[in-house]
Amino acid sequence: MKIGLLGHGVVGRGVREIIDAGATWEVRELEVKRILVKDEIEMVDPRCTLDFEEILNDPEIEIVAECMGGLEPAHTFARKALEKGKYVVTSNKKMLATYCEDLFKTAVANGVTVHYEASCGGGIPWMAALDRIRRVDDIESFRGIFNGTTNYILERMKREGTDFADMLKEAQNLGYAERDPSDDIDGHDVKYKVALSVVKAFDRLVDINDITTFGIRTIRKADLEYCAANGYTCKLIGTGSDYGDYVSACVIPMFLKADDVFSNIPLNFNVIESQSKTLGAASFVGQGAGSLPTAHAVVQNIIDIWKNQDPEINDKFVRPVDNQVHKGVFYIRTAKQAAFTPLIDRHVSETAFVTKKISLVEAAAAAAAADDETLFIAEVAQ
Ligand code: HSE
């Protein structure tokens with residue numbers, strides 16, 4: 001099975017390494033025939049090309065593995081590959097979550113499929129698990145620590161009292177962070193992963209802009225101190241629940257109780273938990289970022305295609321996101337408390353308070369109205 005690899009960065013290089021190494025008989029059936037790179041300086045292998053058409057027009061290449069990142073030209077290349085009847089495997093959650101409907105429709109029209117295990121949870125076989133659980137059960141909800149960079153930052157800040165900016169730099173050096181790290185620290189990376197998990201778990205498509213999203217850019221030592229003093233651990237959590245006609249989906253820092261298994265997920269690891277009727281809660285833990293773990297997931301998808309284990313393609317219906325059903329208690333630190341007066345339950349410091357039980361929609365609306373770029377919000381586990 002011959003593969004055209006798009007991108008030779010952190011993930012692309014890992015895919016090439018795993019396939020070239022051929023550790024198992026399945027991997028030895030695969031061959032990276034061409035590698036698309038952006039610049040002359042990246043032409044480090046005789047298979048490298050600067051011309052996507054060489055991959056597109058090569059009839060021997062049946063699978064295009066898109067590991068470029070970014071929206072364009074990744075989206076156009078993936079679309080063209082599908083139109084040519086090539087399977088697409090992608091690790092690019094931003095691109096796929098943004099163009100999901102377009103790419104799935106193009107795949108169906110051309111009798112091929114799009115595979116995206118690596119786009120969500122790095123090396124964790126989360127999508128494969130969802131396919132398997134759904135053979136027996138409807139998935140009711142999921143929650144996860146979906147971002148290695150922020151988990152790494154939060155863990156190191158908690159353990160060593162280190163500075164946010166230094167930890168971000170380390171996560172970048174380790175190859176965990178996105179090209180634009182604001183995708184990590186503002187929660188967008190998790191938002192894309194939540195959207196793709198909604199697709200796989202519920203067969204629903206959602207507009208990524210409707211997913212309520214808060215990140216950890218504004219977290220400060222004082223917030224973590226409050227957390228520790230009250231026996232909580234702060235983690236950035238993505239969730240989704242299926243309500244039939246609509247879904248609830250959000251990304252928000254959460255103050256988790258010490259006995260929550262999510263509280264002890266270290267460094268670049270991710271954990272994702274599904275909830276379904278007969279299986280109950282099932283959790284999946286592994287390295288959510290990094291070259292070889294993510295490349296492992298890409299190669300798994302390639303082997304799925306080669307072994308003809310395509311997930312069934314169902315018609316996917318667009319559903320609205322409605323977070324009125326998401327009720328909780330929120331910790332908010334802001335210099336502008338006036339917007340929150342009716343929502344406050346008690347103050348925990350001069351600038352921070354805990355709300356009454358309110359909906360996420362109310363909390364998000366008040367946070368937007370406060371118009372305070374230093375505001376930090378987290379949901380407190382009950
Ligand atoms: N930037 C992402 C993370 C990479 O830190 O989890 C894996 O998707």
Side-chain angles (χ1 to χ4, degrees), residues 11 14-15 65 67 88-97 100 104 113-151 176 178 184 187-206 208 211 235-242 247 249-251 261-262 265-276 279-305 309-312 314 316:
V11 181
V15 172
C67 305
V88 168
V89 175
T90 182
S91 58
N92 187 344
K93 57 256 153 180
K94 182 174 188 163
M95 184 279 288
L96 188 60
C100 218
F104 284 132
T113 39
V114 181
H115 300 246
Y116 46 100
E117 181 71 76
S119 65
C120 200
I124 303 173
W126 165 236
M127 296 293 168
L130 287 175
D131 276 333
R132 198 168 169 82
I133 296 167
R134 290 196 53 199
R135 299 195 301 195
V136 179
D137 254 353
D138 284 336
I139 310 276
E140 293 157 355
S141 63
F142 63 83
R143 64 170 187 149
I145 294 173
F146 284 100
N147 185 269
T149 301
T150 48
N151 204 53
Y176 303 157
E178 293 304 302
D184 294 299
H188 302 302
D189 177 77
V190 179
K191 174 177 73 182
Y192 306 134
K193 291 166 177 170
V194 165
L196 294 177
S197 298
V198 164
V199 173
K200 194 59 119 176
F202 310 145
D203 254 343
R204 311 289 189 218
L205 297 175
V206 289
I208 48 174
I211 299 176
K235 297 286 187 185
L236 184 62
I237 302 290
T239 63
S241 305
D242 188 10
V247 302
C250 77
V251 182
V261 71
F262 277 37
I265 301 300
L267 301 173
N268 71 324
F269 278 65
N270 285 185
V271 57
I272 322 175
E273 179 184 83
S274 64
Q275 185 72 45
S276 60
L279 182 60
S283 297
F284 306 88
V285 185
Q287 291 195 69
S291 176
L292 291 176
T294 312
H296 175 107
V298 173
V299 178
Q300 287 285 3
N301 271 168
I302 293 171
I303 294 173
D304 288 342
I305 296 167
Q309 289 172 356
D310 288 349
E312 203 173 314
N314 297 317
K316 302 203 188 301

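- Distance check, rounded to the nearest 0.5 Å: NE2 of H115 to OG1 of T90 gives 11.5 Å.
- Here the CG atom belonging to D242 is positioned 10.0 Å from the CD1 atom belonging to I139, to the nearest 0.5 angstrom.
- Rounding to the nearest 0.5 Å gives a distance of 3.5 Å between NZ of K93 and CD of E178.
- T239 places none of its side-chain heavy atoms less than 4.5 Å from the side chain of S141.
- Contact of the I265 side chain with the V285 side chain is registered, since non-hydrogen atoms from C-beta on lie closer than 4.5 Å.
- Under the 4.5 Å side-chain criterion, counting only non-hydrogen atoms from C-beta, I145 is in contact with I237.
- Residues D138 and E140 have side chains not in contact (no heavy-atom distance under 4.5 Å, counting atoms from C-beta outward).
- A heavy-atom distance below 4.5 Å is found between the side chains of Y116 and V199.
- Put simply, the side chain of V299 reaches to within 4.5 Å of the side chain of V15, judged on heavy atoms.
- In terms of heavy-atom proximity, A65 sits nearest to I302 at CB-CD1, 4.4 Å.
- Ring to ring, F202 and F142 are close: their centroids are under 6.0 angstrom apart.
- For the pair K193 (side chain) and G144 (backbone), a donor-acceptor distance under 3.5 Å is absent.
- For the pair I272 and S197, the minimum side-chain heavy-atom distance is 4.5 Å or more.
- Closest of all the heavy-atom pairs between I133 and F284 is CD1-CZ, 4.2 Å.
- Taking CG of L236 as the reference point, atom OG1 of T150 lies at 4.5 Å (rounded to 0.5 Å).
- Put simply, CG on D137 and CG on L130 are 11.5 Å apart, with the number rounded to the nearest 0.5 Å.
- Residue pairs meeting the side-chain hydrogen bond (donor to acceptor under 3.5 Å, both in side chains) criterion with at least one partner in residues 281-298, sequence neighbours excluded, are N268-Q287, E273-S283, H296-Q300.
- Although no hydrogens or angles enter the test, the distance criterion places a donor-acceptor pair under 3.5 Å between the side chain of E117 and the main chain of M127.
- Here the closest heavy-atom approach between residue V11 and residue S91 is recorded as CG1-OG, 3.9 Å.
- Side-chain atoms of N151 come within 3.5 Å of backbone N or O of L267 as a donor-acceptor pair.
- Annotation for A118 and V298: closest pair CB-CG2, 3.5 Å, computed over non-hydrogen atoms.
- When side chains are defined from C-beta on, C120 counts as touching F146, because their heavy atoms get closer than 4.5 Å.
- Closest non-hydrogen pair, G123 versus A297, comes out as CA-CB, 4.3 Å.
- Of all heavy-atom pairs between N147 and T149, the closest is OD1-N, 3.2 Å.
- With rounding to the nearest 0.5 angstrom, the CD1 atom of I211 is 10.0 Å from the OH atom of Y192.
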